[in-house]
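Each remark here refers to the structure printed beneath this line.
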Amino acid sequence: MRQDPGQESRFDQWFAALARRFAQRTSRRSFLARLGAFLCGSAAYPLLPVARAATARREVPAGEPGVDAPHGDPSRCDYWRHCAIDGFLCSCCGGTQRSCPPGTIQSPVTWIGTCRNPADGKLYIISYNDCCAKHVCGLCYCHRNEGDKPVYFPQRSNDINWCHGIDNVVYHCSTAIVVGEAKDV
Amino acid sequence: MRQDPGQESRFDQWFAALARRFAQRTSRRSFLARLGAFLCGSAAYPLLPVARAATARREVPAGEPGVDAPHGDPSRCDYWRHCAIDGFLCSCCGGTQRSCPPGTIQSPVTWIGTCRNPADGKLYIISYNDCCAKHVCGLCYCHRNEGDKPVYFPQRSNDINWCHGIDNVVYHCSTAIVVGEAKDV
Amino acid sequence: MVARYVGMSAQRGRQWWKVLLAAAALTVSAAARAQLAPEPLGRVEELPEQPSPRWVWAIDLVLERVSLIDTESERYLGSVPGGYGTFLPLFPRKRPEIYIPATYYSRRTRGERTDVLEIHDRKRLAFVDEIPLPPKRALNRISLNHAALSDDDRFAAIFNWTTGTSLSIVDLQARRFVAEIDTPGCSLAFAAGARRFFAVCPTGALFFLELDEQGNEKSRFLSEPFFDPRKDPVTEKAVRIGNVWYFVSFEGIVHPVDVSGPQPQFLPTWEIVSAEERKANWRTGGAQHLAAHEASHRLFVLMHQGGRDTHKEPGSEVWGFDVQAHKRVLRVPLRFPGLTIYGFAIEPDQSWPWGTGRLFRWALDRFFPAAVTAIVVTPGERPWLITASEFVGALGIYDATDGQFLKRVQPIGWTTDLLFAPYGS
Amino acid sequence: MVARYVGMSAQRGRQWWKVLLAAAALTVSAAARAQLAPEPLGRVEELPEQPSPRWVWAIDLVLERVSLIDTESERYLGSVPGGYGTFLPLFPRKRPEIYIPATYYSRRTRGERTDVLEIHDRKRLAFVDEIPLPPKRALNRISLNHAALSDDDRFAAIFNWTTGTSLSIVDLQARRFVAEIDTPGCSLAFAAGARRFFAVCPTGALFFLELDEQGNEKSRFLSEPFFDPRKDPVTEKAVRIGNVWYFVSFEGIVHPVDVSGPQPQFLPTWEIVSAEERKANWRTGGAQHLAAHEASHRLFVLMHQGGRDTHKEPGSEVWGFDVQAHKRVLRVPLRFPGLTIYGFAIEPDQSWPWGTGRLFRWALDRFFPAAVTAIVVTPGERPWLITASEFVGALGIYDATDGQFLKRVQPIGWTTDLLFAPYGS
């Protein structure tokens, strides 16, 4: 929101000044510290330039954009199938976008999204089956809400813990499985 | 370790250049992001300029330096009594350096340290009784190892979970209680 | 663990001070002969009997607890654990207790599941008792309105979700589970009187459940739909003023529901965004995007600028409305609640070089996104608006009457999920 | 939860791409008519039968698990949960299993305590069975050598600490608890043959426990003290090469203990720091400050520059020693393992403006403290040195023969406590 281009130059001046001033009165380390203290927040939030998870598995089915396309990498939040996902990407947790990590159980019930595959321009129904029965994966969190609805409208709600229909409701990560083509809406 | 004063100026030049360069080719936000990404690490580690916990309780007994002295603030890691502590400071968790937070149980067994009180220059035996039976407090972590020994030498080891002698070994936070004066060693 | 280095840097600092100290000690010791007396062991703190309206509870999902903070004295008072997953604490008006609907597995994340309604003592913040529940409570991302207390504190209703929906009814006077009552596909739990709860249905209707004196089902009633979930759904995060529940839709339509009568009254809807504001893409959003102040009949809404499907995006402003006049009476530009890392606050203090403190604060407020995800308003005379951002353990405090920023209270944890200010004066 | 905004920024990005996409779609759709087939549900991954020497296990105490990473292919393979508190996983040579001595409370942090030795399948990374233990296992900050497997994998010994000390003996063939055997005030658990374990006593002596075929006590033996715990204690983190355990003291004295014979042989001690290095304050320290490579008889020691009482300070270099020649053969200056926040790696990729990637890497390596707290060396032909820093989920990888820095592997979690490379080729 606070994107005011007019501030650009003023900020840079302030910044250069700040840098010089710090450098004069403090050691490099504490200089980094003060600066870092302020910036790391920015970094940790919307601005975070996170790399795609290098440790993830990238299984790229035929007919998809491919890992190097902006929406083709299953380990990225902007992978085309993730348009309505809310959770940790199984590709980063020992599974893939279509399979669960070892030792987890895939929930048979789930919520769905309707996402467009850039490779063929078609809309597909995506089923975000959770992988369950292991403590939360914690890697590659991704939250997108295209068509998301409140929890009283379950089949379209990504806030619901979908680890059900099995005997353990512990959530680990989420898959994004192609169920079939959707009528263009 | 990497404290090379000779680098100071070179670093600042590099830094100024970096700042200008970034500012030119990217928006302020992503500029902050790139920079922050690098610095936040520095900030999160030895360099972190953490403030004393404003939400802590500061109970300052007579005969101590007082909260404004460098070693007088019970909510700071460098409070004089903390010279051999390893844990979360109870003053930040709803207790004080001498009492446990509500709903916890103080362990009767413990390890001890020998710390000098700046106010009277005397050495005191400090007993670091853990407060137990609630999940870890997570605030004001402090780790100092004056005279610390390995776990096979228990009474002087701060790596041991000292929640014992009660029916729950869940660690919440640590106190720093004056047991008495120590012979000068 | 996480901040070990911090301890160490303090240690390095200490090495240096030692020199001064050694000297100091010698000089002082002759003079001041302050001799510290041995201190008693086993002391445990307790809270005052009378809670303050400015006591705020904050859920921290990483540290698995809800923490109590006195925003007035800026003190962290203590915490109550929450068990596995998300949870909604309940705060009765009459009893000095806290209720936690909690879930446990016999082996942390495997084995047998047990759900209980826990009773904790408000003065000692200690576990008192637990009431076994059907192991079915909903563990959704945002727990708001996933449980409710009847208006007389006698009964609790806990929302169950197993792809089927139901309510678990607990008698808090007798401290026993009464019954599990199915709600035909309708979700959540809202109080509507001493013996009545309601839930929201996928059709946009409300399902009302009337209890008898024992807490068993006396009657049920399904209302007409009052909104279209497919076109413009209301969020789950409705707040209550008196006998009126205020539901707000993704697009900013307020749907007031009066539950004072035997049948719900759907009062005229009104909008929180003008035509121009809508053009400027102002929308409500966030995890806890609504707050209410009973006495002044004010509804507070967390706002941001964004397109469709941004109903969970954090907010940059809070707008205050008079729910009787349907008019906006307050507009509060928000600041980031505060920078904390691993429970440490990054905040200027005397250790910072001259000037850097002001610079830091200025830069933080000027360049940092407010990123507010939860808001609450304290009850009573001079209400305060409390804000939080989910990845930091900090509270931003504003005067809820004129919108003035007052202060930051931090650190209070590692993350902050939901806020509660239950203690009316 | 924690990275919600990241998802959102991605989302913002997406809005923009949508435009391109719409266009792309139209043009492409005519040409490529690639039709995705519906995909099967319920797929769960499994690991190959044969583990690789470069598979590394890393404990993450915040995410409460030990994760398996293939450092060669740089893939995160999966995880095994650890229960409450710190724990030490055990990796048998013969059976395709993983053993976890775990502690649970019936209500997470209250209620009844249960200790078990868990058996997990190595191929499926799934729980198989649990063996109940006396609820006494030690929950100390660093779990190294808090449990051990007999050399033939038949028995496990788990170190108990209740202010008193003992060992719980488990028969892994019969999958049953055998006995709790007291160790007279001596701590930890080290293997010394197929039927023998030992512990370290406060006097600086070793306590040996000989088992019979059933796993019950056959005989016990208390050695002479071989170091002075008050003057210069050895750390708990000893490593083993063949039948010799290498203990290293705070001041850098190596105490080799040969356990091949019926009685322990205390081999001549030697120093890892020269007189000059000692003057320069070089010391060993860290959570896991020792590593060994069997085939080449190498001992690796994590080093830093610091004063007394810095035996837990992170390291800036790793020194490699030939344990036969008592000579240093390798000196590895370390880099910070990698920047991760909430499980996200901050790493340059194509999304970074030109040049910034190289700058970032250069700055990180040049100005950032290495802050290494744990090291391990992979077994087999061309060993790798693996490093970790406790507040990040990243691994630094070096050639253990020439000390060359090879790469970073991240993200692997939120924090990294201890490392294990158990799979010899």
Side-chain angles (χ1 to χ4, degrees), chain B residues 1-2 7 11 14-15 17-18 21-22 24-26 29-31 33-42 44-47 83-84 86-87 108-109 132-136 143-165 167-172, chain D residues 84-86 103 105 108-110 113 135 138-142 146 161-163 165 185-188 199-202 229-230 233-236 304-306 308-314 316-317 336 339-341 346-347 352-356 359-360 363-364 366-371 389 391-392:
Chain B
M1 284 111 253
R2 285 189 172 65
Q7 290 307 326
F11 173 77
W14 163 76
F15 201 88
L18 174 65
R21 177 148 168 213
F22 268 126
Q24 284 152 13
R25 42 177 77 261
T26 69
R29 271 176 155 232
S30 59
F31 161 55
R34 307 276 182 277
L35 206 55
F38 162 52
L39 292 176
C40 66
S42 337
Y45 306 127
L47 321 167
C83 74
D86 177 7
V109 294
C132 314
K134 251 183 203 186
H135 198 39
V136 64
H143 191 197
R144 289 164 53 179
N145 293 299
E146 281 181 43
D148 169 68
K149 297 243 185 286
V151 297
Y152 56 75
F153 202 86
Q155 63 277 25
R156 283 288 185 168
S157 174
N158 66 20
D159 271 351
I160 288 179
N161 169 8
W162 278 99
C163 287
H164 282 286
D167 73 344
N168 185 302
V169 298
V170 173
Y171 170 79
H172 187 68
Chain D
Y84 174 79
T86 57
T103 296
Y105 278 88
R108 175 56 169 160
T109 53
R110 62 178 178 88
R113 174 180 175 177
L139 289 160
N140 297 333
R141 171 66 191 82
I142 311 292
H146 279 50
W161 200 84
T162 59
T163 66
T165 60
C186 307
S187 295
L188 307 170
V200 183
C201 309
R230 293 167 185 286
V234 300
T235 72
E236 311 92 325
H304 68 276
Q305 286 174 287
R308 289 194 67 244
D309 296 327
T310 62
H311 49 284
K312 291 175 197 166
E313 184 147 340
S316 55
E317 294 189 7
F336 189 67
L339 256 184
T340 69
I341 299 174
I346 312 300
E347 218 178 5
W352 290 42
W354 177 88
T356 57
L359 251 174
F360 175 84
L364 188 65
R366 176 69 188 77
F367 297 105
F368 215 77
S389 187
F391 313 141
V392 288

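In what follows, every chain begins at residue 1, and chains take the letters A, B, ... in the order their sequences are listed.
Note: D:Pro202 leads D:Cys201, D:Gly185, D:Pro202 in heavy-atom pairs under 4.5 Å with chain B. Comparing D:Thr235, D:Leu139, D:Thr103, D:Thr109 by heavy-atom pairs within less than 4.5 Å of chain B, the highest count is held by D:Thr109.
The heavy-atom pair separating D:Tyr84 from B:Tyr171 by the smallest distance is OH-N, 3.4 Å. Closest non-hydrogen pair, D:Glu236 versus B:Pro150, comes out as OE2-CA, 3.2 Å. Across every non-hydrogen atom of B:Asp148 and D:His311, the tightest pair is OD2-NE2, 2.7 Å. Of all heavy-atom pairs spanning B:Val170 and D:Tyr105, the tightest one is CG2-CE1, 3.8 Å. Taking every heavy atom of both residues into account, B:Tyr152 and D:Val200 meet most closely at CB-O, 3.5 Å. Scanning both residues, D:Lys312 and B:His143, for their nearest heavy atoms gives CD-CE1, 3.4 Å.
Listed by chain and number, the residues in a side chain to side chain donor-acceptor pair (under 3.5 Å) with D:Asn140 are D:His146 (sequence neighbours excluded).
To the nearest 0.5 angstrom, B:Lys134 atom NZ is 11.5 Å from D:Arg110 atom CZ. The CG atom of B:Asn158 sits 10.5 Å away from atom CZ of D:Arg141, with the distance rounded to the nearest 0.5 Å.
If you measure heavy-atom distances from B:Val151 to chain D, the contacts under 4.5 Å come from both the backbone and the side chain. Looking at B:His164, only its side chain comes within 4.5 Å of chain D, counting heavy atoms on both sides.
Distance alone, capped at 3.5 Å, places no donor-acceptor pair between the B:Asn145 side chain and the D:Thr310 backbone.
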